[in-house]
Number of protein chains: 4
Amino acid sequence: MKRQQILDAAYTVFSRKGYHRATVDEIIALADTGKGTVYNYFVNKEQLFYTLIKERSARFEAELINIAGLVEPPLGKIKKAIKVFLEFYVENADLWRVLMHEMRGLGHEEPSNFTEAQREKYRARFQHTTSILEQILQEGIDQGVLRICDVHKAAHGLFSVIVMMVFQGFIGEKGESIETSANGIADIFLYGVVARQD
Amino acid sequence: MKRQQILDAAYTVFSRKGYHRATVDEIIALADTGKGTVYNYFVNKEQLFYTLIKERSARFEAELINIAGLVEPPLGKIKKAIKVFLEFYVENADLWRVLMHEMRGLGHEEPSNFTEAQREKYRARFQHTTSILEQILQEGIDQGVLRICDVHKAAHGLFSVIVMMVFQGFIGEKGESIETSANGIADIFLYGVVARQD
Amino acid sequence: MKRQQILDAAYTVFSRKGYHRATVDEIIALADTGKGTVYNYFVNKEQLFYTLIKERSARFEAELINIAGLVEPPLGKIKKAIKVFLEFYVENADLWRVLMHEMRGLGHEEPSNFTEAQREKYRARFQHTTSILEQILQEGIDQGVLRICDVHKAAHGLFSVIVMMVFQGFIGEKGESIETSANGIADIFLYGVVARQD
Amino acid sequence: MKRQQILDAAYTVFSRKGYHRATVDEIIALADTGKGTVYNYFVNKEQLFYTLIKERSARFEAELINIAGLVEPPLGKIKKAIKVFLEFYVENADLWRVLMHEMRGLGHEEPSNFTEAQREKYRARFQHTTSILEQILQEGIDQGVLRICDVHKAAHGLFSVIVMMVFQGFIGEKGESIETSANGIADIFLYGVVARQD
DNA sequence: CATGAATGAGTCTTCATTCAT
DNA sequence: GATGAATGAAGACTCATTCAT
């Protein structure tokens, strides 16, 4: 129970302050617990943060896998996937912004506060979600619905747009529903911005 | 002269370490100067960082404005703009990653290390570059080359893809030239991923 | 039963880590017991430590008293006593090293982790063993076998050599038997290092 | 100047409290300085401690080497060396007690607060002083003044007696002069406790 | 202008001890 | 008796900033 209180408080504080500026003191104040308790459940500030990430992303990943497995036209799958992505990132925008920042430094000297091992684990997690996107796109190509392109890049491009738009506050903070936003993104992604001759 | 040495060193250190982990000590070691000297030229670690941002982005913005002013078909302008964006962000990927992280916290309680005033100034700077993109897109719509859509969103979507792909390391680290990458992005952005019937 | 498990584990951990670095957590892990159990049997980490000392030294003291009581020439007694000392300190070198360190601070402001009362009890225990040595030496003087000297100092000197040589690793870790070591020490103690004219 | 204040304060606090219980806070309170200042001059609590040891022992070692080099009968040298040892250890009894405790753990798992590298450096320092004693004893044997024995052991035995007697408070705290104490030790060490027939 | 010694507020982390079950 | 979750006081260390020279 205390464990959950701490996780909830940590979620709030990390989201608000980022990793560095988040202090254990503030977390325990919010969790209404003692400082030692944090270290009974988590070895580190770092490991607390990652536990948070892991637990939050589990459900999202499951949902995504589920969509990929549906028997349905690819375009429908793509739209659904975009919606699930949007929902997740809107919900967890702040924390994932922090995560992405701390995960940066691909190959750089002293890149973040995290162990290289830890970073690798979570980079894998990211790869996983985009690889599901790739799979869906590939399916579309195989069925002749999508034109041939580099699915790896296309999936990342799509992922980028989604994440970036959420982070930039274009989605989720205004009145517009996520459904509508998802459709807008899908529209441009699928058909481009060039006017059709027909 | 000392001022420039400090800025150069700061660029390197902030890029490598991020804002928090960058220490004034490391900067002066690299700049081969005394600690007090930093505070003669810059009021703050914060203000040093932003001076860096300001000076680095000036040339980029000028170039972008220049492209917007060219007399040329919109599609060509778009491709050129994408290339300029890519070049700039590949060059300054690390520092801008840091900047974007520190600029987060839109409207939140205690948002970052920066003054709200400072943050506002640089948000404006971002808006400025995307607004040039918007302008180019709008021109395309007016000339009937692009289909009608929300230019604000489209511009941000494009911006997002560019920035995110650089940050994710998709561009600039592999053998592929920036020219090629720019074309690939432009292709999907303009024509979408859906297969044409023709 | 639990009590003994805890004592055994405590012996190991205190010996290995010293008093401060020994943690209750490590002791209970080794003792395979719960943390509360320790505090059922011992009021304190401190009192746990001293219980250890007390129980370990009881047999040694008994043996020493026994030797003092033998009817035998003084030189033989001295050799036997040296051997018993060596055996005990070799066996318990690590723990006694720790004890001696914690017992320091004779008369100082804030001397150690221990209550002054506790320290006094164990200083008395030390005095006790050396006083038995004194007694044996005095017997030798009374019988004209040893030359007249300050028995108090001489006993402490002998004690010092024994303990220090064990602590320095001169005895007990090499191939040499304790018997041989004991004879070597006795030889110099009894006859000095100066060459005889005869 | 601050550096010296810190060293002086550290000497006092480490001597009084031992390594673990000595806190940086207490040291700076005594040194009348800021906490950061300590870390400007010393990388560590550990390194502060060892700087202390190094600076304190330098003069002592020089004096000892000097004695070894004198042209004088060996017995005189031995007496002089004992006196120098006594003086040094009486002066620095408390700090060296602490050092010896922290240096323990020859080959043990996790023996002290110090790096193995650091410990090795100071073990060497100890070896150095006793090796000078050995040298003096060997000279005595070579000149036929001392009987043949294991000089290594004998030197350590002598060293042990000296150190231990100081640590036990036998020397330096009572009215007796160091001169007298030195003679007493030398007497037993040289001639033993056995009564002469002559 | 340039310098760098001095500073102390702010952090994470450890660990003996308690107490309700 | 046995247990272990909860606790918080205490401690080492970092680093931006100041100011006298």
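Values below: every heavy atom of this structure, side chains too, minus hydrogens, waters and symmetry copies. All values derive from a computational prediction rather than experimental measurement.
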From CG of B:L48 across to C1' of F:dC15 the rounded distance in Å is 15 Å

Within the 4.5 Å heavy-atom criterion, are B:V24 and B:F42 side-chain neighbours or not? no

Going by heavy atoms in the side chains, are D:K45 and D:F14 under 4.5 Å from each other? yes

Just how far, in rounded Å, is P of F:dA12 from CZ of C:R21? 13 Å

D:L7 side chain reached by D:T51 side chain, heavy atoms, under 4.5 Å: yes

Side-chain donor/acceptor of A:Y19 to backbone N/O of A:E46, under 3.5 Å: yes

Taking atom P of F:dA2 as reference, at what distance in whole Å does atom OH of C:Y39 sit? 16 Å

Any donor-acceptor pair under 3.5 Å between the side chain of A:N40 and the base of F:dA6? yes

If the cut-off is 4.0 Å, is A:T33 near the phosphate of F:dT7, judged by side-chain N/O to OP1 or OP2? yes

Separation of F:dG8 atom C1' from A:K2 atom NZ, nearest Å, is 13 Å

Could you tell me how far apart A:Q5 (CD) and F:dA5 (C1') are, to the nearest whole angstrom? 13 Å

Does C:N44 place a side-chain N or O at less than 4.0 Å from the phosphate oxygens OP1/OP2 of E:dT17? yes

Using a cut-off of strictly less than 4.0 Å, decide whether B:T37 has a side-chain nitrogen or oxygen near OP1 or OP2 of E:dT3. yes

Rounded to the nearest angstrom, tell me the gap between atom CZ in C:R3 and atom P in F:dG1. 11 Å

By nearest-nucleotide position on DNA chain E, the 5'-leaning member of A:A22 and B:G36 is B:G36

Hey, which sits more toward the 5' end of DNA chain F by its nearest nucleotide, C:V38 or D:K35? C:V38

Beyond-backbone contact of C:F49 with C:N44, side-chain heavy atoms, under 4.5 angstrom: no

Atom pair distance, as rounded to whole Å: CG in B:D25 and P in E:dT3: 14 Å

Assuming nearest nucleotide by heavy-atom distance, tell me which of B:Y41 and C:V24 is located more 5' along DNA chain E. B:Y41

Can you tell me whether the side chain of B:K45 and the base of F:dT17 have a donor-acceptor pair closer than 3.5 Å? no

Between P on F:dA5 and CZ on A:F42, what's the gap in Å once rounded to a whole number? 13 Å

Does F:dA2 pair with anything, Watson-Crick or G-U wobble, both distances under 3.5 Å, and if so, with which nucleotide? E:dT21

